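Down below is the structure, laid out as C-alpha coordinates.
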Amino acid sequence: MLARSRVLAVGAMLGAPTLLLVSCDRAPNASSTPTAAPTAQPPPPASSAPTPSAATLPPLGGDWLVRLPLEGFREAVIAAPIGTISPRPVLIGVHGSRDRPEWACGEFLGVTKGYPFILCPHGIALRSGPEPLFGFATSEELEREIDAGLKALRERFGPYVAEGPMIYGGFSRGAFLGVPIVADHPARFPVVVLGEGGQSSWTDDRASRFARGGGKRVLFVCSTAACETATPPALAILTRAGVEAKMITAGHIGHIVDDRVVTLIRGSWPWLVRDRTGPLGPW
(Lines give C-alpha, C1' and ligand atoms only; values in the text may rest on other atoms or scores of the structure.)
Protein backbone atom coordinates (compact mmCIF):
# COMPACT_ATOMS: atom_id res chain seq x y z
CA MET A 1 0.00 0.00 0.00
CA LEU A 2 1.43 3.40 -0.93
CA ALA A 3 1.28 6.33 1.45
CA ARG A 4 0.17 9.55 -0.20
CA SER A 5 -1.53 11.37 2.63
CA ARG A 6 -0.78 14.89 1.48
CA VAL A 7 0.00 14.71 -2.22
CA LEU A 8 -3.44 15.71 -3.51
CA ALA A 9 -3.53 18.63 -1.11
CA VAL A 10 -0.06 19.71 -2.28
CA GLY A 11 -1.15 19.48 -5.90
CA ALA A 12 -4.31 21.46 -5.32
CA MET A 13 -2.48 24.21 -3.47
CA LEU A 14 0.28 24.50 -6.07
CA GLY A 15 -1.90 24.09 -9.14
CA ALA A 16 -5.49 24.95 -9.77
CA PRO A 17 -6.13 27.83 -7.36
CA THR A 18 -3.20 29.89 -8.67
CA LEU A 19 -4.22 29.28 -12.27
CA LEU A 20 -7.63 30.83 -11.67
CA LEU A 21 -6.05 34.26 -11.37
CA VAL A 22 -6.30 35.03 -15.07
CA SER A 23 -7.91 38.05 -16.68
CA CYS A 24 -10.59 37.50 -19.31
CA ASP A 25 -10.57 39.43 -22.59
CA ARG A 26 -14.09 40.30 -23.72
CA ALA A 27 -15.17 39.49 -27.26
CA PRO A 28 -16.03 42.42 -29.57
CA ASN A 29 -19.60 43.70 -29.33
CA ALA A 30 -21.49 41.94 -32.12
CA SER A 31 -24.10 44.72 -32.26
CA SER A 32 -21.59 47.42 -33.21
CA THR A 33 -22.44 49.19 -36.47
CA PRO A 34 -19.85 48.42 -39.16
CA THR A 35 -18.01 51.39 -40.63
CA ALA A 36 -16.67 51.99 -44.12
CA ALA A 37 -13.38 50.31 -44.90
CA PRO A 38 -10.51 52.68 -44.08
CA THR A 39 -7.97 53.70 -46.66
CA ALA A 40 -4.59 51.98 -46.51
CA GLN A 41 -2.39 53.24 -43.74
CA PRO A 42 1.34 52.81 -43.14
CA PRO A 43 2.31 50.17 -40.55
CA PRO A 44 2.41 51.43 -36.95
CA PRO A 45 5.76 52.42 -35.47
CA ALA A 46 7.70 49.74 -33.58
CA SER A 47 6.87 51.37 -30.26
CA SER A 48 3.11 50.77 -30.67
CA ALA A 49 1.46 48.34 -28.25
CA PRO A 50 1.13 44.83 -29.74
CA THR A 51 -2.26 43.59 -30.88
CA PRO A 52 -3.61 40.69 -28.79
CA SER A 53 -2.83 37.34 -30.39
CA ALA A 54 -5.61 35.79 -32.43
CA ALA A 55 -4.65 32.47 -30.82
CA THR A 56 -5.69 33.63 -27.36
CA LEU A 57 -8.40 31.36 -25.97
CA PRO A 58 -11.07 32.11 -23.38
CA PRO A 59 -9.83 31.11 -19.90
CA LEU A 60 -10.36 27.38 -19.42
CA GLY A 61 -13.02 26.81 -16.77
CA GLY A 62 -14.51 23.81 -15.02
CA ASP A 63 -13.12 21.39 -12.45
CA TRP A 64 -9.39 20.81 -12.21
CA LEU A 65 -9.86 17.03 -11.89
CA VAL A 66 -11.83 15.54 -14.79
CA ARG A 67 -12.82 11.96 -15.63
CA LEU A 68 -13.10 11.01 -19.29
CA PRO A 69 -14.87 7.82 -20.43
CA LEU A 70 -12.72 5.66 -22.73
CA GLU A 71 -13.80 2.99 -25.15
CA GLY A 72 -12.45 -0.36 -24.00
CA PHE A 73 -10.86 0.95 -20.78
CA ARG A 74 -11.78 2.46 -17.44
CA GLU A 75 -12.15 6.24 -17.42
CA ALA A 76 -9.01 8.34 -17.62
CA VAL A 77 -8.33 10.93 -14.93
CA ILE A 78 -7.19 14.38 -16.09
CA ALA A 79 -5.67 17.24 -14.12
CA ALA A 80 -6.55 20.26 -16.27
CA PRO A 81 -4.71 23.63 -16.32
CA ILE A 82 -7.71 25.69 -15.25
CA GLY A 83 -7.48 29.32 -16.30
CA THR A 84 -5.11 28.86 -19.23
CA ILE A 85 -5.69 31.05 -22.28
CA SER A 86 -3.18 29.22 -24.49
CA PRO A 87 -2.58 25.60 -25.55
CA ARG A 88 -0.77 23.52 -22.94
CA PRO A 89 1.35 20.37 -23.41
CA VAL A 90 0.60 16.94 -21.96
CA LEU A 91 2.28 14.91 -19.25
CA ILE A 92 1.38 11.22 -18.94
CA GLY A 93 1.30 10.21 -15.25
CA VAL A 94 1.28 6.43 -14.75
CA HIS A 95 0.82 4.99 -11.30
CA GLY A 96 2.25 1.76 -9.89
CA SER A 97 0.67 -1.53 -8.93
CA ARG A 98 -2.12 -1.43 -6.32
CA ASP A 99 -2.38 2.31 -6.84
CA ARG A 100 -4.80 4.94 -8.17
CA PRO A 101 -4.76 7.41 -11.11
CA GLU A 102 -5.96 10.29 -8.90
CA TRP A 103 -2.79 9.94 -6.84
CA ALA A 104 -0.55 10.11 -9.92
CA CYS A 105 -2.38 13.22 -11.17
CA GLY A 106 -2.06 14.87 -7.75
CA GLU A 107 1.66 14.12 -7.58
CA PHE A 108 2.50 15.58 -10.97
CA LEU A 109 0.18 18.53 -10.40
CA GLY A 110 2.39 19.41 -7.44
CA VAL A 111 5.58 18.84 -9.44
CA THR A 112 4.57 20.98 -12.43
CA LYS A 113 2.58 23.63 -10.54
CA GLY A 114 -0.41 22.83 -12.72
CA TYR A 115 1.08 23.96 -16.03
CA PRO A 116 0.32 21.02 -18.37
CA PHE A 117 -2.59 18.71 -18.91
CA ILE A 118 -1.82 15.61 -16.87
CA LEU A 119 -3.35 12.41 -18.25
CA CYS A 120 -3.45 9.52 -15.77
CA PRO A 121 -4.51 6.10 -17.10
CA HIS A 122 -6.64 3.94 -14.81
CA GLY A 123 -5.49 0.39 -15.48
CA ILE A 124 -7.22 -2.78 -14.34
CA ALA A 125 -8.69 -3.45 -10.90
CA LEU A 126 -6.38 -5.38 -8.56
CA ARG A 127 -8.51 -4.94 -5.46
CA SER A 128 -12.23 -4.27 -5.33
CA GLY A 129 -14.30 -2.75 -2.55
CA PRO A 130 -14.97 0.76 -1.26
CA GLU A 131 -11.37 1.80 -2.08
CA PRO A 132 -10.34 -0.21 -5.17
CA LEU A 133 -6.72 -0.25 -6.32
CA PHE A 134 -5.45 -0.59 -9.87
CA GLY A 135 -2.45 -1.67 -11.93
CA PHE A 136 -1.29 -2.47 -15.46
CA ALA A 137 -0.65 -5.83 -17.11
CA THR A 138 1.63 -5.11 -20.08
CA SER A 139 3.35 -2.23 -21.87
CA GLU A 140 1.24 -2.89 -24.95
CA GLU A 141 -2.02 -2.61 -23.02
CA LEU A 142 -0.80 0.51 -21.22
CA GLU A 143 0.16 2.14 -24.52
CA ARG A 144 -3.28 1.45 -25.97
CA GLU A 145 -4.90 2.98 -22.90
CA ILE A 146 -2.67 6.07 -23.19
CA ASP A 147 -3.65 6.46 -26.86
CA ALA A 148 -7.34 6.16 -25.98
CA GLY A 149 -6.90 8.74 -23.23
CA LEU A 150 -5.13 11.19 -25.55
CA LYS A 151 -7.92 10.84 -28.11
CA ALA A 152 -10.55 11.60 -25.44
CA LEU A 153 -8.45 14.47 -24.05
CA ARG A 154 -8.23 16.19 -27.44
CA GLU A 155 -11.93 15.63 -28.13
CA ARG A 156 -12.85 17.20 -24.79
CA PHE A 157 -10.42 20.14 -24.64
CA GLY A 158 -9.70 20.76 -28.34
CA PRO A 159 -7.50 23.83 -28.95
CA TYR A 160 -6.37 23.95 -25.32
CA VAL A 161 -4.22 20.83 -25.89
CA ALA A 162 -0.89 21.65 -27.53
CA GLU A 163 0.60 19.55 -30.29
CA GLY A 164 4.12 18.26 -29.98
CA PRO A 165 6.22 16.19 -27.57
CA MET A 166 4.96 15.01 -24.20
CA ILE A 167 6.58 13.93 -20.94
CA TYR A 168 6.20 10.39 -19.63
CA GLY A 169 6.18 10.03 -15.85
CA GLY A 170 5.83 6.62 -14.21
CA PHE A 171 6.10 5.24 -10.70
CA SER A 172 7.14 1.68 -9.83
CA ARG A 173 5.38 -0.64 -12.33
CA GLY A 174 4.33 2.43 -14.28
CA ALA A 175 8.05 3.20 -14.67
CA PHE A 176 8.96 -0.39 -15.57
CA LEU A 177 6.27 -0.68 -18.26
CA GLY A 178 6.94 2.82 -19.60
CA VAL A 179 10.49 2.18 -20.81
CA PRO A 180 9.49 0.06 -23.84
CA ILE A 181 6.91 2.72 -24.76
CA VAL A 182 9.32 5.66 -24.71
CA ALA A 183 12.06 3.62 -26.43
CA ASP A 184 9.64 2.90 -29.28
CA HIS A 185 8.36 6.51 -29.41
CA PRO A 186 11.21 8.84 -28.36
CA ALA A 187 10.04 11.77 -30.48
CA ARG A 188 6.69 11.55 -28.69
CA PHE A 189 8.22 11.18 -25.21
CA PRO A 190 11.73 12.74 -25.30
CA VAL A 191 11.70 13.50 -21.56
CA VAL A 192 11.06 10.77 -18.98
CA VAL A 193 10.63 10.67 -15.19
CA LEU A 194 10.93 7.20 -13.61
CA GLY A 195 10.17 6.86 -9.91
CA GLU A 196 11.28 3.77 -7.98
CA GLY A 197 11.49 1.56 -11.05
CA GLY A 198 12.32 1.10 -14.70
CA GLN A 199 16.07 0.62 -14.33
CA SER A 200 16.13 -3.02 -15.44
CA SER A 201 13.95 -2.22 -18.46
CA TRP A 202 16.74 -0.26 -20.13
CA THR A 203 18.92 -2.25 -22.51
CA ASP A 204 21.62 -1.01 -24.86
CA ASP A 205 19.23 -1.45 -27.77
CA ARG A 206 16.41 0.48 -26.12
CA ALA A 207 18.72 3.28 -25.01
CA SER A 208 20.23 3.53 -28.50
CA ARG A 209 16.81 3.67 -30.17
CA PHE A 210 15.65 6.27 -27.65
CA ALA A 211 18.69 8.46 -28.37
CA ARG A 212 18.54 8.07 -32.16
CA GLY A 213 14.85 8.94 -32.24
CA GLY A 214 15.20 12.19 -30.29
CA GLY A 215 15.13 11.08 -26.65
CA LYS A 216 16.73 13.74 -24.47
CA ARG A 217 16.67 13.03 -20.73
CA VAL A 218 15.74 10.45 -18.15
CA LEU A 219 15.36 11.33 -14.48
CA PHE A 220 15.39 8.47 -11.95
CA VAL A 221 13.73 9.27 -8.63
CA CYS A 222 14.54 7.05 -5.65
CA SER A 223 13.29 6.79 -2.10
CA THR A 224 14.72 3.37 -1.15
CA ALA A 225 18.18 1.82 -0.94
CA ALA A 226 17.16 -0.83 -3.49
CA CYS A 227 16.35 1.86 -6.06
CA GLU A 228 19.65 3.63 -5.44
CA THR A 229 21.54 0.37 -5.98
CA ALA A 230 19.66 -0.53 -9.17
CA THR A 231 20.02 2.87 -10.88
CA PRO A 232 23.78 3.25 -11.69
CA PRO A 233 23.81 0.47 -14.35
CA ALA A 234 20.84 2.12 -16.10
CA LEU A 235 22.58 5.50 -15.95
CA ALA A 236 25.65 3.94 -17.60
CA ILE A 237 23.57 2.38 -20.39
CA LEU A 238 21.79 5.65 -21.15
CA THR A 239 24.93 7.79 -20.95
CA ARG A 240 26.76 5.40 -23.28
CA ALA A 241 23.95 5.87 -25.79
CA GLY A 242 24.19 9.67 -25.56
CA VAL A 243 21.14 10.28 -23.38
CA GLU A 244 21.38 12.64 -20.42
CA ALA A 245 20.38 10.79 -17.28
CA LYS A 246 20.67 11.31 -13.55
CA MET A 247 19.36 10.01 -10.24
CA ILE A 248 17.91 12.02 -7.38
CA THR A 249 17.04 10.52 -4.02
CA ALA A 250 14.81 11.43 -1.11
CA GLY A 251 16.70 9.05 1.18
CA HIS A 252 15.43 5.75 2.49
CA ILE A 253 11.87 6.81 3.29
CA GLY A 254 10.08 3.90 1.62
CA HIS A 255 8.55 2.91 -1.72
CA ILE A 256 6.22 5.89 -1.72
CA VAL A 257 5.43 9.25 -3.28
CA ASP A 258 4.69 11.96 -0.74
CA ASP A 259 5.27 15.70 -0.47
CA ARG A 260 9.02 15.14 0.07
CA VAL A 261 9.32 13.30 -3.23
CA VAL A 262 7.14 15.85 -5.04
CA THR A 263 9.38 18.67 -3.80
CA LEU A 264 12.50 16.72 -4.80
CA ILE A 265 11.29 16.21 -8.39
CA ARG A 266 10.20 19.84 -8.67
CA GLY A 267 13.74 20.90 -7.76
CA SER A 268 15.12 18.99 -10.77
CA TRP A 269 12.46 20.17 -13.21
CA PRO A 270 14.59 23.01 -14.66
CA TRP A 271 17.27 20.41 -15.55
CA LEU A 272 14.69 18.13 -17.10
CA VAL A 273 13.22 20.79 -19.43
CA ARG A 274 16.15 23.18 -19.64
CA ASP A 275 16.12 23.36 -23.45
CA ARG A 276 12.66 24.91 -23.25
CA THR A 277 11.54 28.42 -22.29
CA GLY A 278 10.14 29.77 -19.05
CA PRO A 279 10.87 28.84 -15.43
CA LEU A 280 9.47 25.31 -15.86
CA GLY A 281 9.64 25.15 -19.63
CA PRO A 282 6.45 24.81 -21.66
CA TRP A 283 5.46 21.93 -19.44
Side-chain angles (χ1 to χ4, degrees), residues 73 76-79 81 87-96 101 104-105 107-109 111-112 115-123 136 138-154 161-221 231 234-235 237-239 241-248 265 268-276 280-283:
F73 300 95
V77 177
I78 308 293
R88 294 290 177 89
V90 179
L91 183 150
I92 308 296
V94 184
H95 61 73
C105 274
E107 292 151 12
F108 280 108
L109 185 69
V111 168
T112 62
Y115 188 87
F117 282 96
I118 304 170
L119 168 62
C120 303
H122 221 119
F136 302 96
T138 66
S139 292
E140 293 78 12
E141 193 71 6
L142 171 59
E143 185 176 352
R144 286 193 289 271
E145 187 169 349
I146 290 172
D147 288 341
L150 288 169
K151 180 175 182 290
L153 176 70
R154 295 186 184 282
V161 183
E163 300 292 338
M166 297 172 281
I167 290 179
Y168 183 96
F171 173 76
S172 192
R173 186 158 178 79
F176 176 83
L177 295 180
V179 173
I181 296 173
V182 301
D184 287 344
H185 306 285
R188 195 183 197 193
F189 302 109
V191 175
V192 184
V193 182
L194 302 176
E196 283 284 305
Q199 300 94 332
S200 63
S201 296
W202 286 106
T203 63
D204 286 319
D205 174 66
R206 282 175 176 162
S208 178
R209 288 190 290 114
F210 183 69
R212 289 198 311 268
K216 294 179 178 294
R217 272 169 225 106
V218 178
L219 178 68
F220 292 94
V221 185
T231 300
L235 293 176
I237 289 172
L238 288 161
T239 301
V243 177
E244 296 180 75
K246 75 173 184 176
M247 176 183 72
I248 56 177
I265 301 172
S268 288
W269 208 254
W271 173 82
L272 202 67
V273 296
R274 71 174 185 271
D275 53 341
R276 309 295 180 175
L280 290 176
W283 308 101

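Computed from a prediction, not measured in an experiment: that's the story for all the values here.
- Atom CZ in Phe171 sits 5.5 Å away from atom CD in Glu196 (nearest 0.5 Å).
- Heavy-atom minimum distance, Gly170 versus Ala175: O-CB, 3.5 Å.
- Of the inter-residue distances, the one linking Leu150 atom CG with Leu119 atom CG reads 5.5 Å to the nearest 0.5 angstrom.
- Separation of atoms NZ (Lys216) and CG (Leu272) is listed at 11.5 Å; rounding is to 0.5 Å.
- Closest approach of Val218 and Phe210 over heavy atoms only: CG2-CE2, 4.0 Å.
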Side chain to side chain contact (heavy atoms under 4.5 Å, CB included) between Glu244 and Arg274, intermediate numbers included: CA-CA 12 Å; Glu244 296 180 75; Arg274 71 174 185 271; 2.3 Å; yes

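- In this structure, the side-chain contact (heavy atoms from CB on, under 4.5 Å) partners of Ser208, at least two apart in sequence or on a different chain, are Arg212.
- Take Lys151 and apply the side-chain contact (heavy atoms from CB on, under 4.5 Å) test, not counting sequence neighbours, and it matches Glu155.
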Let's go through Phe220 and Leu238 carefully: what are the C-alpha distance in whole Å and the side-chain angles of both, what is the deciding distance for side chain to side chain contact (heavy atoms under 4.5 Å, CB included) to 0.1 Å, and is it a yes or a no? CA-CA 12 Å; Phe220 292 94; Leu238 288 161; 3.7 Å; yes

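- Between the CG atom of Leu194 and the OH atom of Tyr168 there is a distance of 8.0 Å, given to the nearest 0.5 Å.
- In plain terms, the two heavy atoms of Pro87 and Val161 that are nearest each other are CB-C, 4.3 Å.
- In plain terms, the two heavy atoms of Trp269 and Thr112 that are nearest each other are CZ2-CG2, 3.7 Å.
- With rounding to the nearest 0.5 angstrom, the OG atom of Ser268 is 5.5 Å from the CG atom of Leu219.
- Contact between Phe117 and Arg88 at its shortest, heavy atoms only, is CD1-O, 3.8 Å.
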Derivation and outcome, side chain to side chain contact (heavy atoms under 4.5 Å, CB included), residues Val273 and Ile167: CA-CA 10 Å; Val273 296; Ile167 290 179; 4.1 Å; yes

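- Under the side-chain contact (heavy atoms from CB on, under 4.5 Å) criterion, Asp204 pairs with Ile237, Arg240, not counting sequence neighbours.
- The environment of Phe73 atom CZ is dense: over 12 non-hydrogen atoms of other residues, nucleotides or ligands sit within 6.0 angstrom.
- Residues passing the salt bridge (charged side-chain N to carboxylate O under 4.0 Å, His left out) test with Glu140, sequence neighbours excluded: none.
- Screening residues 169-189 for side chain to side chain donor-acceptor pair (under 3.5 Å), with sequence neighbours left out, gives Glu143-His185, Asp147-Arg188, Ser172-His255, Asp184-Arg209.
- For the pair Pro190 and Met166, the tightest heavy-atom approach, listed with the atom from each and the gap, is CD-O, 3.4 Å.
- Here the side chain of Glu145 pairs a donor or acceptor atom with the backbone of Gly123 at under 3.5 angstrom.
- Residues passing the side-chain hydrogen bond (donor to acceptor under 3.5 Å, both in side chains) test with Arg206, sequence neighbours excluded: none.
- Ser201 places a side-chain N or O within 3.5 Å of a backbone atom of Phe176 that can act as its donor or acceptor partner.
- Rounded to the nearest 0.5 Å, atoms CG (Leu91) and SG (Cys105) are 9.0 Å apart.
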